[in-house]
2 protein chains.
Amino acid sequence: MPSNTPSLKFAYHHGDLPKQTHHLALETLREHGDAAISLRALAKQLGVSAPALYRHFSDRDTLLAELAIGGFEALTDRLRAVDQQMPRKALIEIGLVYVDFAQEEPNLYRLMFGGRVLPMSVHPRLDAARKGAFKVLENTVANARELGYLKPSPVSLITAAAWSLVHGLSQLTIDGHLPGGNAEPMLTESVLSLLLEGSQSDAQQQSQQDLTP
Amino acid sequence: MPSNTPSLKFAYHHGDLPKQTHHLALETLREHGDAAISLRALAKQLGVSAPALYRHFSDRDTLLAELAIGGFEALTDRLRAVDQQMPRKALIEIGLVYVDFAQEEPNLYRLMFGGRVLPMSVHPRLDAARKGAFKVLENTVANARELGYLKPSPVSLITAAAWSLVHGLSQLTIDGHLPGGNAEPMLTESVLSLLLEGSQSDAQQQSQQDLTP
DNA sequence: TGGCATAAGTTAACATCGATAACATTGTTG
DNA sequence: CAACAATGTTATCGATGTTAACTTATGCCA
């Protein structure tokens with residue numbers, strides 16, 4: 001019965017369902033969190049039946065994993081754009097970019113690190129994307145250390161500390177766990193400075209140096 | 001038909017459904033994560049019909065919130081047990097206890113901080129429990145600062161840094177995000193030392209002190 | 001060009017879940 | 001002892017993930 005309008009594609013073979021599904025799912029995630037992502041609802045909004053999505057995503061978890069992968073890639077891109085000339089400035093800037101990303105995309109960030117998606121070990125692409133972001137941070141630390149800006153502690157240790165700090169700060173601020181609100185723009189920079197310069201009093205630093213003169 | 005066996009309670013009025021529900025839900029959370037908690041499944045295991053649970057928990061989210069509250073209280077208890085005599089030792093120990101808790105109860109920890117339950121602002125008891133744990137950490141920092149062990153930076157700033165560090169370290173280790181595995185027992189202590197003593201090289205520390213002699 | 005394999009949709013159906021309404025039973029208490 | 005509140009029950013609704021079986025469009029190859 002409805003077989004005319006030849007120039008207009010009207011039904012079957014939607015075009016690029018995968019891309020549009022990904023896009024709409026990402027938007028839903030951004031605005032309402034991952035719990036609000038329903039394959040049926042997505043399908044309805046895309047004007048398609050629910051099982052159609054299973055042609056392109058074997059699983060709901062797989063779709064979420066792809067969103068997380070995109071998140072890691074976006075984060076990696078932003079981190080890579082940081083200027084690496086001056087060690088201290090680079091380290092601070094990396095941290096700022098990281099926390100900014102989490103605050104701009106809280107729901108995406110939670111999906112990336114919430115431990116909700118399939119364990120990393122079983123999803124190679126997701127694991128690779130995560131490692132890519134980590135590498136940028138690690139390279140920044142390694143570079144700063146080679147330039148003599150950092151102590152000769154193992155790079156892995158300093159990197160773990162730096163990542164823990166920015167990740168913890170991100171999580172706590174986007175969930176409102178820090179008192180005084182997360183409105184303080186200088187908080188991130190101040191916290192990072194503490195990791196660089198230490199939080200001990202000068203007297204303590206002094207007496208500690210005296211041990212190995 | 002079945003109206004005998006008077007000494008044995010057999011049906012209606014289960015006894016203490018709330019407590020047993022809480023207990024079973026906690027066990028399920030521990031072993032399989034919060035996503036595995038289903039009110040219907042809990043009811044079946046408790047030998048009771050599903051709507052019965054709604055007499056005691058207005059909502060699934062409410063049950064999860066109670067589990068999170070219990071988690072914060074348990075964490076607070078552990079943190080309070082830390083000896084506060086020597087500032088440095090206390091700070092390190094607080095961090096170790098914190099990370100240990102997260103590693104022992106990863107699923108509970110994720111529920112507490114995953115941003116999955118109702119926003120803190122709308123659940124007063126949950127918010128209070130969280131603040132209780134935070135207070136212990138803050139007091140430890142304040143005490144160490146008053147004893148002259150820490151720099152005169154604002155207590156809120158140092159506390160935010162310390163909490164971010166241990167929280168980030170917890171999250172990253174329980175999700176396996178740190179390379180080399182989370183098997184290193186000294187990692188937490190080393191990372192905390194970095195925050196206390198700084199990660200800058202001695203030369204940098206020196207030149208920075210020279211600015212304000 | 002005709003035919004056919006395959007990719008990409010469809011409807012139908014199943015199991016599970018959270019949640020509510022209406023009803024039944026128990027225990028307590030004035 | 002009778003009324004009432006507390007605490008269960010069954011029946012039911014709407015939504016979800018997922019699979020099975022079927023249908024249609026697309027593209028490739030003899």
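The sequence lines fix the lettering, A, B, ..., with proteins before strands; numbering per chain opens at 1. Note that the structure is a prediction, hence the values are computed from the model and not measured.
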Contact class for B:Leu42 (heavy atom, under 4.0 Å): base, sugar-phosphate, or nothing?
nothing
Is there a side-chain polar atom (N or O) of B:His56 under 4.0 Å from OP1 or OP2 of D:dG8?
yes
A:Leu64 CG to D:dT16 C1', in whole Å, measures 14 Å
Could you check whether atom CD of A:Glu31 has more than 12 heavy atoms from other residues, nucleotides or ligands sitting under 6.0 Å from it?
yes
Can you check the A:Lys44 NZ to C:dT10 C1' distance for me, whole Å?
16 Å
So, the side chain of A:Ser58 versus the backbone of A:Tyr54: is there a donor-acceptor pair under 3.5 Å, distance only?
no
Just by distance, no angles: are the side chains of B:Gln103 and B:Ser170 close enough, under 3.5 Å, to form a donor-acceptor pair?
no
Quick check for you: among C:dA21, C:dG18, D:dT16, whose closest atom lies nearest to any side-chain atom of B:Pro51?
C:dA21
Let's see if you can work this out: which of D:dT16, C:dG9, D:dT10 has an atom nearest to the side-chain heavy atoms of A:Ala41?
D:dT16
Spatial distance of atom CD1 (B:Ile158) from atom OG1 (B:Thr140) [nearest 0.5 Å]
12.5 Å
Choosing from D:dT19, C:dC17, C:dT20, which nucleotide comes nearest the side chain of B:Ser38?
C:dC17
Between P of D:dT19 and CG of A:Leu53, the distance in whole Å:
13 Å
Rounded to whole Å, CG of A:Leu63 lies from P of D:dT18 at a distance of 10 Å
With under 30° as parallel and over 60° as perpendicular, where do the rings of B:Phe134 and B:Trp163 fit, or are they tilted in between?
tilted
Given D:dG17, is OP1 or OP2 found less than 4.0 Å from the side-chain N or O atoms of A:Arg60?
yes
In this structure, how many angstroms lie between the C1' atom of C:dT26 and the CZ atom of B:Arg55, rounded?
13 Å
Side chain of B:Leu17 (C-beta onward), nearest among D:dT12, D:dG8, D:dT18
D:dG8
Let's see if you can work this out: which of C:dG18, D:dG17, D:dG8 has an atom nearest to the side-chain heavy atoms of A:Leu39?
D:dG17
Whole angstrom value for the distance that separates P of D:dT16 from OH of A:Tyr54:
11 Å
In whole Å, what is the span from the NZ atom of A:Lys19 to the P atom of C:dA8?
13 Å
In whole angstrom, what separates A:Ile37's CD1 from D:dT18's P?
13 Å
